[in-house]
Every structure is written in structure tokens, then in C-alpha cells.
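Report on the structure given below.
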Amino acid sequence: MVLSLVAGLVLGAAGMGAAWAMSADSNSPAAGGTPAADARAACEALDGFDAGKYTEKGSGGEIALNRYAAAGALSASAAAGDAKYKELAQAIRRSQDRHAQVFEFDATVKKDLDQAREICRGL
């Protein structure tokens, strides 16, 4: 039951994140509609993600949840469009999968997030 709830929240947040990215103004990186733009947008979402706020009540928690989900959705979109973004998508997905298993940002989740952020710095 709890896993279903978490999965529903993650999928809902991913949808919200994708809608957020698609509705961005034309000056945003996501507006380009290319794999590179999706990867940059994923990195921006990840850059603004604060794991410490993930379980907060209110807007802080909602922002963290949506940025984490958006980073996953956008990186997956980038990887689908260009294989050079596959490593970014895999690192974010691993962190999300592990988080869904342990319900916290443990060392493994943080390691994968750090790897994703390192990949972002190289883009």
C-alpha cells in the first residue's frame, strides 16, 4: 500500500514536472524541445532540489518533490532523444529507485545524486 502511494506520488510529480517544463517561457532551456534542452532543464531542476526539504509540509516539500520528479522525467526524455544523456538519466533513476525502497536519502541515494550533479557540471 505504501509503495503504491509513493509510486503514485512520484508519477504524479513527474507529470507535474513535465507540465511545468513544457509550460516554461521561451527563454528557458526547456523551451528548445531538444534532448540537450531537456538535459539542461533536468540539471536545473536537480540543482534546485533540496533533499532536506523533501519531507517538509507545505510548499518547500512540494517544490522538492516536484523538482526531483522533474529531473527524472526530463533526463529520461533527454536520454530517449540522445544516448549521450543515458548516464545522467540512469544516475537520477537509480537515486529515485533507491529512495523509493528505503524512504530516505541514504548514502547510496546521495552518491547517485552526486554523480548526476557531476554529469550536469560536464554538460
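This one's a predicted model, so the numbers in the text were calculated from it and none came from an experiment.
A donor-acceptor pair shorter than 3.5 Å cannot be found between the side chains of Ser77 and Tyr85.
Using a 4.5 Å cut-off on side-chain heavy atoms (C-beta onward), Leu88 and Cys43 make contact. The shortest distance between side-chain heavy atoms of Cys120 and Asp47 does not fall below 4.5 Å. Contact check for Gln115 versus Arg94: side-chain heavy atoms found under the 4.5 Å cut-off. Within the 4.5 Å cutoff, no side-chain heavy atoms of Ile92 are placed close to those of Asp112.
We find the OG-NZ distance between Ser59 and Lys53 to be 8.5 Å, quoted to the nearest 0.5 Å. Remark: Glu62 CD to Lys57 NZ distance equals 11.0 Å, nearest 0.5 Å. For the atom pair CG (Asp97) and CD (Gln90), the distance works out to 11.0 Å, reported to the nearest 0.5 Å. Taking NZ of Lys84 as the reference point, atom CD1 of Ile119 lies at 13.5 Å (rounded to 0.5 Å).
Considering only residues two or more places apart in sequence or on other chains, Asp106 meets the side-chain hydrogen bond (donor to acceptor under 3.5 Å, both in side chains) condition with Arg98.
Pairing each heavy atom of Gly72 with each of Ser75, the nearest pair is O-OG, 3.1 Å. Counting all heavy atoms, side chain and backbone alike, Ala78 lies closest to Ala39 at CB-N, 3.6 Å. The two residues Ala71 and Ala45 come nearest to each other via the heavy atoms N-CB, 4.0 Å. For the residue pair Leu74 and Ala41, the shortest heavy atom distance occurs at CD1-CB, 3.7 Å.
Classified by interplanar angle (parallel below 30°, tilted 30° to 60°, perpendicular above 60°), the ring pair Phe49/Tyr68 is parallel.
By the criterion of side-chain heavy atoms lying less than 4.5 angstrom apart, applied directly or through intervening Ile, Leu, Val, Met, Phe, Trp or Tyr residues, Tyr54 is grouped together with Leu46 in one hydrophobic cluster.
Counted within 6.0 Å of CD on Glu87, heavy atoms from surrounding residues, nucleotides or ligands total 12 or fewer; the atom is thus considered open.
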